[in-house]
Amino acid sequence: MTASGTQPGSVVFELADFRNCPLIDFTRDENNQKMKEALAGVRERLGREYPIVIGGETKYCETKFQSFNPARKDEVVGVFQQSTPELLDQAIASAVETYQRWSREPVKERVRAVLRISQLIKERRLELAAWMTIEVGKPWAEADADVAEAIDFCEYYARQMLQLAEPAPLPPIEDEDPELRYIPLGVGAVIPPWNFPLAILTGMTIASIVAGNTVVLKPSSDSPTIAAQFFRILEEAELPNGVVQFVTGSGSEIGDPLVADPRIRFIAFTGSREVGTRIYERAARVQPGQIWLKRVIAEMGGKNAVIVDEDCDLDEAVSGVIVSAFGYQGQKCSAGSRAIVLEPVYDLFIERLLERIPELVRAGDLDSADVNFGPVINRRAHESILRYIETGRSEGRLVTGGKAGDPAGYFIDPTVFVDVDPKAIIAQEEIFGPVLSVIGARDFSEALQIANGTQYGLTGALYSRNEARIRRAKDEFHVGNLYINRKCTGALVGVHPFGGFNMSGTDSKAGGPDYLLLFTQAKSISRKKK
Ligand code: NAP
């Protein structure tokens with residue numbers, strides 16, 4: 001597969017500087033009302049069937065699967081096709097064929113397509129948020145932030161691509177004209193998770209296609225309806241057929257053959273450590289007929305810590321820990337699932353934490369803006385989190401929560417264990433639910449050691465007023481995203497390029513200035529002067 005790809009100097013395009021999309025204020029009546037209408041509109045469309053789309057052609061399969069509302073276990077959100085191996089093969093073939101054209105499409109046309117997609121997402125903002133509330137149990141503000149992030153990814157990567165297409169500044173030499181082009185890679189498998197079902201799916205897909213690659217998009221089986229809405233937007237934006245194929249099906253069935261296929265050039269994955277490491281291993285094996293080493297961009301889990309120093313604003317720290325731990329029911333890769341608290345403020349911290357949880361965490365079935373705590377994603381997650389809670393009973397002291405909530409959905413009460421050993425299972429493994437472990441530290445060195453003492457390294461936060469300790473944290477707290485005196489969730493595109501160290505992933509930084517390089521390869525060309 002070859003491509004001329006980007007041609008430096010060929011892009012004439014003026015865009016305003018990138019700014020993050022502002023969030024919707026749901027305390028305003030008119031916004032509140034509009035979201036209620038969006039939810040009602042989405043409810044009327046529940047239970048519809050969605051096809052696989054390959055090269056613009058719709059395909060239906062004998063075997064189907066459904067996605068459900070986690071707040072109302074039996075409510076079917078959408079019906080989807082379980083792809084067959086034959087369809088997967090067709091999808092990859094279509095992406096290979098389209099690559100020959102799309103990779104040669106001028107950068108400005110690819111950027112224009114991405115900006116049209118961004119515009120359509122903006123126009124559907126509340127509708128997309130409503131789909132998220134219903135399909136993956138996202139509280140309104142979190143769902144809106146997910147849509148805003150998707151818009152940000154489109155706008156940011158469009159601008160990054162324009163920059164990448166500019167002539168690279170190379171040192172001059174006397175008798176040659178050197179240039180450096182960033183050309184696309186080929187066909188990518190894009191495999192997103194359900195927890196940022198629009199933002200991450202949009203980010204990985206848009207980065208792929210704006211750089212000139214074509215894609216087989218396999219959405220999470222827990223959030224395929226949101227993915228189908230995104231795909232419809234691609235169609236409405238008149239993205240040429242075949243640039244993205246929409247292929248649904250269980251990852252355990254079609255994931256392996258997709259990743260192993262020799263025609264796949266790269267895999268953009270975000271999800272669990274377990275699946276990410278499997279993909280990494282399988283992609284490394286060179287298949288018969290394969291003429292490249294596959295690139296794997298894998299963003300995985302976290303066991304993130306918030307360090308609470310004795311010399312901090314304790315109220316700020318308490319609310320930061322609560323929001324980090326229980327925002328979106330603890331189902332963020334960046335969730336702060338460990339609070340590491342210095343001994344002088346340990347007891348007071350716990351006292352205030354328990355006082356403030358009922359005020360800051362308001363559980364319900366997400367039918368109003370005031371509810372900010374919904375269900376966990378599915379039965380498997382519900383059972384797994386409850387098992388961790390059982391484990392926690394022998395590893396720490398349960399001070400709140402510890403049980404399932406409303407049986408209509410997959411609800412679990414916000415749960416806190418204190419006096420947890422740093423090496424306990426609940427302090428080491430990613431639970432991906434509303435479970436916080438509070439761990440005491442004798443001094444700041446020990447707090448840092450505990451914070452760094454897991455296999456992960458995604459996000460972390462320090463609450464402190466002590467400049468020397470803040471400096472040490474900047475040097476020694478080994479995470480991809482470190483926050484000082486604020487929560488450890490809520491990375492903003494551009495402002496906080498996002499991605500972790502160690503078992504949290506391949507150190508890519510989504511929404512950062514280097515991200516698109518992962519979707520390109522650099523070609524150095526030098527012509528001798530006459
Ligand atoms: P997951 O179970 O690993 O699934 C992620 C994706 O992989 C889904 O589309 C899934 O499809 C697919 N998949 C499953 N088995 C596969 C296989 N053998 N080959 C290829 N693909 C396969 O993760 P999740 O539950 O959706 O998401 C939660 C995890 O994502 C957490 O660990 C969280 O920390 C992590 N995460 C990380 C970041 C980050 O930026 N670092 C961001 C968000 C989430 P099916 O749904 O069909 O199984």
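Numbering of ligands and ligand atoms starts at 1, following listing order.
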Taking side chain to side chain contact (heavy atoms under 4.5 Å, CB included) as the definition, give me every residue that meets it alongside D406, ordered by chain and number, with sequence neighbours left out.
A408, F411

According to side chain to side chain contact (heavy atoms under 4.5 Å, CB included), who are the partners of D421, at least two apart in sequence or on a separate chain?
K423, A424

For G460 against F477, the heavy-atom pair lying closest together
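Closest pair (atom of G460, atom of F477, distance): CA-CZ, 3.8 Å.
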
For ligand 1, what is the set of protein residues having any non-hydrogen atom at a distance below 4.0 Å?
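Contacts of ligand 1 under 4.0 Å: I191, P192, P193, W194, N195, I200, K218, P219, S220, S221, G249, S250, G251, S252, G255, D256, F269, T270, G271, S272, V275, R278, I279, E299, M300, G301, C333, E430, F432, L458, F498.
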
What pairs meet the side chain to side chain donor-acceptor pair (under 3.5 Å) rule with one or both residues in residues 139-148, with sequence neighbours excluded?
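Sorted result for residues 139-148: R125-D144, K138-D146, E142-K332.
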
Do the ring planes of F326 and F373 sit parallel (below 30°), tilted (30 to 60°) or perpendicular (above 60°)?
perpendicular

Which label fits F80 and F246: parallel for a plane angle under 30°, tilted from 30 to 60°, or perpendicular past 60°?
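F80 vs F246 ring planes: perpendicular.
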
